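Heavy-atom basis, side chains included; hydrogens, waters and symmetry copies ignored. This is a predicted model, so every value here is computed, not measured. The chain is numbered in sequence order, starting from 1.
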Amino acid sequence: MSLLRTAVCCVLVVLGALPFSSDAQLEPSFYRETCPTVHSIVREVIRDVSKLDPRMLASLIRLHFHDCFVQGCHGSILLNNTATITSEQNAAPNNNSIRGLDVVNQIKTAVENACPGIVSCADILALAAEVSVVLANGPDWEVPLGRRDSLTANLALAGKNIPSPFLNLTQLKSSFDSHGLNTTDLVALSSAHTFGRAHCRLLVDRLYNYSGSGNPDPTLNGTYLQKLRAICPNRGPGTILANFDPTTLDTLDNNYYSNLKVHKGLLQSDQELFSTTSADTIDIVNRFSSNPTLFFESFKAAMIKMGNIGVLTGSQGEIRHQCNFVNGNSVGMYL
């Protein structure tokens with residue numbers, strides 16, 4: 001059975017045993033009795049914020065991704081520096097890059113007002129990612145819930161585990177595989193780059209000095225290269241933003257894959273999925289490009305699978321009162 005057929009089948013069984021979550025007890029109805037309005041609260045806050053800042057939808061999905069890839073989906077990325085915590089927010093992939101921490105705090109405040117001490121910040125991140133996908137015209141799914149929050153963060157692992165935009169395909173596969181995610185998951189989750197923005201500092205070498213060659217990345221479409229150079233001048237401000245998708249800027253759709261096929265992937269790690277010679281990802285890109293239903297189903301399955309990485313449940317961790325800090329009586333270790 002092909003990787004793609006496997007992905008579709010996973011949609012039917014994804015709430016069963018998943019990698020790195022053998023002890024997980026997550027279920028969509030976890031808050032049915034204790035906080036039945038949590039999903040609508042999350043949706044209302046994000047909807048209001050996104051009206052003023054459409055880019056926030058992509059940022060919240062990315063925040064969930066960056067959380068899950070560092071020891072698991074337990075909200076460690078949200079923790080600020082304290083006397084006992086060294087924040088993951090200072091890691092290279094996150095520093096001056098991640099957004100949405102204030103929005104998560106807004107959601108937490110609203111949830112606490114309705115259901116004090118019940119909903120974890122880790123679950124808020126998972127719900128916020130799903131709501132953001134829906135508001136960006138992507139698919140909806142029932143989010144498995146019941147995560148608990150970590151009692152510490154890991155700066156070193158944040159720098160190591162979060163995939164760099166400069167990775168080649170072999171490195172990308174290795175990174176995702178280490179978290180129990182297969183090649184189809186990699187290609188599906190990469191589509192989060194179908195909307196949102198990236199800083200010029202992440203692509204300027206690709207535009208002017210790819211791999212130290214003094215030339216641009218040969219896999220870049222020539223016309224697209226010139227457009228990107230106009231946005232990101234050589235030795236210009238690295239903080240300028242470039243759109244991930246030159247066609248549907250704020251929509252989560254399968255145009256991401258169509259762009260890859262005409263060599264308009266923004267980051268090196270994007271274009272690697274289609275331009276790596278004889279790679280098995282090429283067929284997946286082609287299928288997702290031509291079949292939006294298959295793409296949506298595979299994306300949902302991959303998001304649920306990712307959201308189950310290394311979760312804390314039961315008596316592990318805690319339910320934070322504030323997402324940026326562990327509770328006052330917590331010790332700086334995992335339970």
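- Here the side chain of Asn254 pairs a donor or acceptor atom with the backbone of Ser289 at under 3.5 angstrom.
- Taking the charged nitrogens against the carboxylate oxygens, Lys305 and Asp185 do have a contact shorter than 4.0 Å, which makes a salt bridge.
- Remark: aromatic rings of Tyr224 and His263 are distant, center separation not under 6.0 Å.
- Across Leu312 and Gly317, no two heavy atoms sit closer than the pair CD1-CA, 4.2 Å.
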Test side chain to side chain contact (heavy atoms under 4.5 Å, CB included) applied to Arg99 and Met56, step by step = CA-CA 7 Å; Arg99 303 172 72 242; Met56 185 54 66; 3.8 Å; yes
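- Side-chain contact between Arg147 and Phe30 is absent, with no heavy-atom pair separated by less than 4.5 Å.
- For Asp102, the CG atom is densely surrounded, since the number of other residues' heavy atoms within 6.0 Å is greater than 12.
- Under a 3.5 Å cut-off, the side chain of Arg320 and the backbone N or O of Gly75 do form a donor-acceptor pair.
- Around CZ of Arg47, the count of heavy atoms belonging to other residues, nucleotides or ligands within 6.0 Å exceeds 12.
- Of the inter-residue distances, the one linking Leu172 atom CG with Asp177 atom CG reads 12.5 Å to the nearest 0.5 angstrom.
- Between Tyr257 and Phe288, the angle of the ring planes goes over 60°, which puts this pair in the perpendicular group of the 30/60° scheme.
- No continuous path of ILVMFWY side-chain contacts below 4.5 Å connects Leu127 to Ile319, so the two sit in separate hydrophobic clusters.
- With contacts defined as side-chain heavy-atom distances shorter than 4.5 Å, the pair Leu145/Tyr31 qualifies.
- Atom CG of residue Leu186 and atom CG of residue Leu273 lie 5.5 Å apart, to the nearest 0.5 angstrom.
- The backbone N or O of Phe69 lies less than 3.5 Å from a partner atom in the side chain of Asn161, making a donor-acceptor pair.
- Closest of all the heavy-atom pairs between Gly117 and Glu112 is N-OE1, 3.1 Å.
- Considering only heavy atoms from C-beta on, Val131 stays 4.5 Å or farther from Val45 through its side chain.
- Environment of CD in Gln322: sparse, with no more than 12 heavy atoms of neighbouring residues, nucleotides or ligands closer than 6.0 Å.
- Here disulfide (SG to SG under 2.5 Å) pairs that include residues 86-132, with residues two or more places apart or in two chains, are Cys35-Cys115, Cys121-Cys323.
- The minimum heavy-atom distance between Pro144 and Asn308, with the atom names listed, is CG-ND2, 4.4 Å.
- Of the N and O atoms on the side chains of Arg62 and Ser97, at least one donor lies less than 3.5 Å from an acceptor on the other residue.
- Ring geometry for Trp141 versus Phe299: interplanar angle over 60°, hence perpendicular rather than tilted (30 to 60°).
- The side chain to side chain contact (heavy atoms under 4.5 Å, CB included) with Leu57 is formed by just one residue from the set Val133, Thr251, Ile46; it is Ile46.
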Could you walk me through whether Asp217 and Gln271 pass the side chain to side chain contact (heavy atoms under 4.5 Å, CB included) test, one step at a time?
-> CA-CA 10 Å; Asp217 184 344; Gln271 196 59 51; 5.5 Å; no
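- Criterion: ILVMFWY side-chain heavy atoms under 4.5 Å apart, direct or through other members. Under it, Phe296 and Ile284 are part of a common hydrophobic cluster.
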Chi angles and distances behind the ring pair (Phe, Tyr, Trp, His ring centres under 6.0 Å) call for Phe244, Tyr256 = CA-CA 8 Å; Phe244 269 114; Tyr256 171 78; 8.2 Å; no
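- Rounded to the nearest 0.5 Å, atoms OG1 (Thr34) and CD1 (Ile118) are 5.0 Å apart.
- Ser190 contributes atom OG, which lies 7.5 Å from atom CZ of Phe65 (distance to the nearest 0.5 angstrom).
- Of the possible donor and acceptor atoms, one in the side chain of Glu318 sits under 3.5 Å from a partner among the backbone N and O of Asn327.
- In the hydrophobic clustering of this structure, Val285 does not group with Leu220; members are Ile, Leu, Val, Met, Phe, Trp, Tyr whose side-chain heavy atoms approach within less than 4.5 Å, directly or through other members.
- Atom NE2 of His199 has more than 12 neighbouring heavy atoms from other residues, nucleotides or ligands inside a 6.0 Å radius.
- Using a 4.5 Å heavy-atom cutoff, the side chains of Phe195 and Leu249 are not in contact.
- Side-chain atoms of Asn243 never come within 3.5 Å of backbone atoms of Asp245 as a donor-acceptor pair (strictly under, hydrogens ignored).
- By the neighbour-count criterion of 12 heavy atoms within 6.0 Å, atom NZ of Lys261 is densely surrounded, having more than that number from other residues, nucleotides or ligands.
- A donor-acceptor pair under 3.5 Å is formed between the side chain of Thr82 and the backbone N or O of Ile85.
- A donor-acceptor contact shorter than 3.5 Å is absent between the side chain of Asp205 and the backbone of Asn209.
- Residue Ile41 is grouped with residue Leu78 when hydrophobic side chains (ILVMFWY) are merged at heavy-atom distances under 4.5 angstrom, including chains of intermediate members.
- Interatomic distance, Phe176 CZ to Leu167 CG, rounded to the nearest 0.5 Å: 9.5 Å.
- No donor-acceptor pair closer than 3.5 Å links the side chain of Thr86 to the backbone N or O of Leu155.
- Although no hydrogens or angles enter the test, the distance criterion places no donor-acceptor pair under 3.5 Å between the side chain of His74 and the main chain of Arg148.
- The main-chain N or O of Ser213 is never found under 3.5 Å from a side-chain atom of Ser211 such that the two would form a donor-acceptor pair.
- Cys68 and Met306 make their closest contact through SG-O, 3.7 Å (heavy atoms, listed as atom of the first residue, atom of the second, distance).
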Before giving the answer on side chain to side chain contact (heavy atoms under 4.5 Å, CB included), spell out for Leu228 and Leu266 the whole-Å C-alpha distance, their side-chain angles and the decisive distance to 0.1 Å.
-> CA-CA 9 Å; Leu228 290 177; Leu266 184 66; 3.6 Å; yes
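- Nearest heavy-atom pair, Lys300 versus Asp140, reported as atom, atom and distance to 0.1 Å: CD-O, 3.1 Å.
- The cluster map of Ile, Leu, Val, Met, Phe, Trp and Tyr, joined by side-chain heavy atoms under 4.5 Å apart, puts Ile162 and Phe166 in different clusters.
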Residue pair Asp280, Lys173: steps toward the side chain to side chain contact (heavy atoms under 4.5 Å, CB included) verdict = CA-CA 11 Å; Asp280 54 354; Lys173 285 186 173 185; 2.7 Å; yes
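- For the residue pair Glu88 / His66, no side-chain donor-acceptor distance below 3.5 Å is found, with atom types taken as modelled.
- When only modelled atom types and interatomic distance are considered, Thr194 and Asp253 share a side-chain donor-acceptor pair under 3.5 Å.
- Residue Asn95 comes nearest to Asn90 through the heavy atom pair CB-O, 3.9 Å, listed as atom of the first residue, atom of the second, then distance.
- In summary, the side chains of Asn105 and Asn324 do present a donor paired with an acceptor at a separation below 3.5 Å, with no hydrogens or angles considered.
- The salt bridge (charged side-chain N to carboxylate O under 4.0 Å, His left out) test with Asp250 singles out one residue from Arg55, Arg197, Lys51, and that residue is Arg197.
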